[in-house]
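A, B, ... follow the sequence lines: proteins, then strands. Residue 1 opens every chain.
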Amino acid sequence: MQKPSLPKGTRDFGPVQMARRNFILNTIKDTFQLFGYQQIETPAMENLSTLTGKYGDEGDQLLFKILNSGDFLKKVNSDDIASGAAVTLPKVAEKGLRYDLTVPFARYVVMNRNELTFPFKRFQIQPVWRADRPQKGRYREFYQCDADVVGTESLVCEAEIVLMIRDVFTKLGLSSYDIKVNNRKILTGISEAIGESGKEGPLCVAIDKLDKIGWQKVKEELGERGFASQSVDKLEPLVQLETDLKGKIAFLKDFLATSEVGLKGVSELEEMLDILDQMGANLEHVDFDIMLARGLSYYTGAIFEVKVKGVSIGSVSGGGRYDNLTGVFGLSGVSGVGFSFGVDRLYDVLEELDLFPEESLKGTTLLLTHFDQKGFRYALNVLTQFRNAGIKAEIYPDVVKAKKQFDFANKKGIPFVGICGDNEIATETLALKNLETGNQENLKVEEVISLLKGN
RNA sequence: GUGAUUGUAGCUCAGCUGGUUAGAGCGCUGGUUUGUGGCACCAGAGGUCGCCGGUUCGAACCCGGUCUUUCACCCCA
């Protein structure tokens, strides 16, 4: 028999990991609800036609396809196979695993447009799958925590995204991070201003790597992507720009003077900042990064990305506004904005920074131990009393020697042991031992209950 | 998808230029202690050296393939 194993890029989560994941998940969930978002779930698999073409060619390649059930070859003939995978694929696979939560959400909105009350604010916490090569902080199955609003163009949503990110990070104990903000319209404006209008796509992809590979390499890449060198030179002052928020905005108003879209982008950004101000919020952690691009092709307005400083993990959260995502499913004129937390990456970050609180691991409070059948039966009765009082309690289920039962409590991190022996049975008490201090005293069951209630 | 890299006990890792029976620490099981855990001491179990094939008198070690890990590119949470 061969050893069992997991598919590449997937993981099991044991009790300790789940306790920690739930700490993150619950924090995010609480925040989403605090801001008025409602939870939904969608199926793990979607029709392939729902998924393909939404993430670019690159994304299509990373989709997991599900082989049709039964005789999956029945529609395929030898010509199809000779024509290659692109022709054969749609005939053998009609479904795929979701790649993100935004596209299934767009599908959901279109299908339920008559039932939903707009603006519709929903959150969704589910795994997604990408056939990527795994790396640190990069898995083939991972969870996303999305919050999106559709049916309004109000920039209040953008402002609230900033607030939610800060809320979650504060609760998680993260204090050193940047919420990078930009606007696709600004990037579009830049491509117009440098005389390469319509090329913001490739511009974004190249520019996004600026802090990673440096300006020289970005220049080369832009050249390879067909940008004229005088256009690339016009970018230089932007790249070299070192000033504060106000300075950047002033500079852009001048730089983008000829671009209507570009100016719109700047004013959207200003309005978002103004709304934050009105809400009494400061701009802590907010970093207007003109060079922030993000690859996803459907963004049209604000874009966000969050990076924790001083860790080896990439971005832990990202998002943006998309004007017409539902358009591809036949419902146009619905603007949406949303963002996503990557739980798995947040987990890695918190672990790297050693920020998981002890309490997130707390399980059973009390283990009842016994020496013989008589004590075991007494413990069964006492156990129920503890559980009825809301105290997390368990009994060692076999009659074995005391050492084994104490070892069990130790390893499971159970802080108290209630010993049930002949003396205790006779006096209707428990010998309550605190495993941390080693102190032990005989107490009535009710006394133990009131003592442990606080735990 | 491209180019590297990793794999030996449950875990972390030794294992010389290919040479008898593959080791250590931790963990695990049992005992010293049949009403008391952590500490100590003693004993023990546990490995098709990722998998398949090849070279060789002989392979954990060399070669090929494959899977897995990690990393860079691409892209991204």
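Using bins of under 30°, 30° to 60° and over 60° for the plane-to-plane angle, the ring pair A:F23/A:F356 lands in the perpendicular bin.
Among the atoms of the strands shown, only primed sugar atoms or phosphate atoms (P, OP1, OP2) are found under 4.0 Å from some heavy atom of A:G9. At a threshold of 4.0 angstrom between heavy atoms, the contacts of A:E436 include nucleobase atoms, whether or not backbone atoms are also involved. A:G438 comes within 4.0 angstrom of a base, heavy atoms only. Residue contacts shown for A:G137 include a base, since a base heavy atom lies under 4.0 Å away. Using a 4.0 Å heavy-atom distance criterion, A:S317 is classed as a sugar-phosphate-only contact. Base engagement by A:Y139 is indicated by at least one non-hydrogen atom pair under 4.0 Å involving a base atom. Counting non-hydrogen atoms under 4.0 angstrom, A:S315 reaches the backbone sugars and phosphates but no base. Using a 4.0 Å heavy-atom criterion, one finds that A:K209 contacts the sugar-phosphate atoms exclusively.
Of the candidate nucleotides B:U69, B:G38, B:U36, B:U36 has the atom lying nearest to any side-chain atom of A:F406. Closest to the side chain of A:E58, out of B:U70, B:C75, B:C76, is B:C75. Considering only side-chain atoms of A:D422, the nucleotide from B:G35, B:G37, B:C75 that sits closest is B:G35. Of the candidates B:U68, B:U36, B:G37, the closest approach to any side-chain atom of A:D407 belongs to B:G37. The side chain of A:V205 lies closest to B:C75, out of B:G35, B:C76, B:C75. Nearest to the side chain of A:K136, among B:C75, B:C76, B:U70, sits B:U70.
Spacing of P atoms, B:C28 relative to B:G10, comes out at 14 Å, to the nearest Å. Here the separation of B:G18 from B:U56, taken at their C1' atoms, is 9 Å to the nearest Å. Between the C1' atoms of B:C62 and B:A45, the separation comes to 34 Å (whole Å). Between B:U21 and B:U36, the distance separating the two C1' atoms is 43 Å to the nearest Å. Going from the P atom of B:G3 to that of B:G64 covers 15 Å, rounded to whole Å. Spacing of P atoms, B:C16 relative to B:A22, comes out at 15 Å, to the nearest Å.
Here the P atom of nucleotide B:C71 and the CG atom of A:D348 are 10 Å apart, to the nearest Å. The distance between atom CG of A:D60 and atom C1' of B:C74, rounded to the nearest whole Å, is 15 Å. Between the P atom of B:C71 and the CZ atom of A:R138 lies a distance of 10 Å, rounded to the nearest Å. When the P atom of B:G10 is taken as reference, atom CG of A:D12 falls 17 Å away, rounded to whole Å. Atom-to-atom, NZ of A:K8 to P of B:U69 comes out at 6 Å; the value is rounded to the nearest Å.
Just one of A:T102, A:T42, A:D146 meets the side chain to side chain donor-acceptor pair (under 3.5 Å) condition when paired with A:Q124; it is A:T42.
Between B:A72 and A:Q135, a contact under 4.0 Å exists linking OP1 or OP2 to a side-chain N or O. Side-chain N/O atoms of A:K411 include none lying less than 4.0 angstrom from OP1 or OP2 on B:G27. An OP1 or OP2 oxygen of B:G38 is reached within less than 4.0 angstrom by a side-chain nitrogen or oxygen of A:K403.
In this structure, A:R130 forms no cation-pi arrangement with A:F64, as its terminal cationic atom is not both closer than 6.0 Å to the ring centre and no more than 45° off the ring axis. Cation-pi geometry between A:K199 and A:F227 is met: the NZ or CZ atom falls under 6.0 Å from the ring centre, inside 45° of the normal.
Side-chain atoms of A:E424 come within donor-acceptor range of the base of B:G35, with a qualifying N/O pair under 3.5 Å. Judged by atom type and distance alone, A:Q440 reaches the base of B:U36 through a side-chain donor-acceptor pair under 3.5 Å. Between the base of B:U69 and the side chain of A:R133 there is no donor-acceptor pair shorter than 3.5 Å. Scanning atom types as modelled, one donor and one acceptor separated by under 3.5 angstrom connect the side chain of A:K433 and the base of B:G37.
Side-chain atoms of A:K444 come within 3.5 Å of backbone N or O of A:T427 as a donor-acceptor pair.
Closest-nucleotide positions on RNA chain B for A:F341 and A:K401 were compared, and the one nearer the 5' end corresponds to A:K401. Remark on RNA chain B: of its neighbouring residues A:P7 and A:F142, the 5'-side contact belongs to A:P7, judged by nearest-heavy-atom nucleotide.
In summary, A:K121 and A:E160 engage in a salt bridge, as defined by a charged side-chain N under 4.0 Å from a carboxylate O. Between A:R11 and A:D344 there is a salt bridge, since a side-chain N of the basic residue sits under 4.0 Å from a carboxylate O of the acidic one.
The partner of B:G25 is B:C11, by the rule that a Watson-Crick or G-U pair needs both atom distances under 3.5 Å. Using N1 to N3 plus N6-O4 or O6-N4 for Watson-Crick, or N1-O2 and O6-N3 for G-U wobble, each under 3.5 Å, B:G53 pairs with B:C63. When both pairing distances are held under 3.5 Å, B:U6 makes no Watson-Crick or G-U pair with any nucleotide shown.
Looking only at atom types and distance, the side chain of A:Y55 has a donor-acceptor partner in the side chain of A:D100 under 3.5 Å away.
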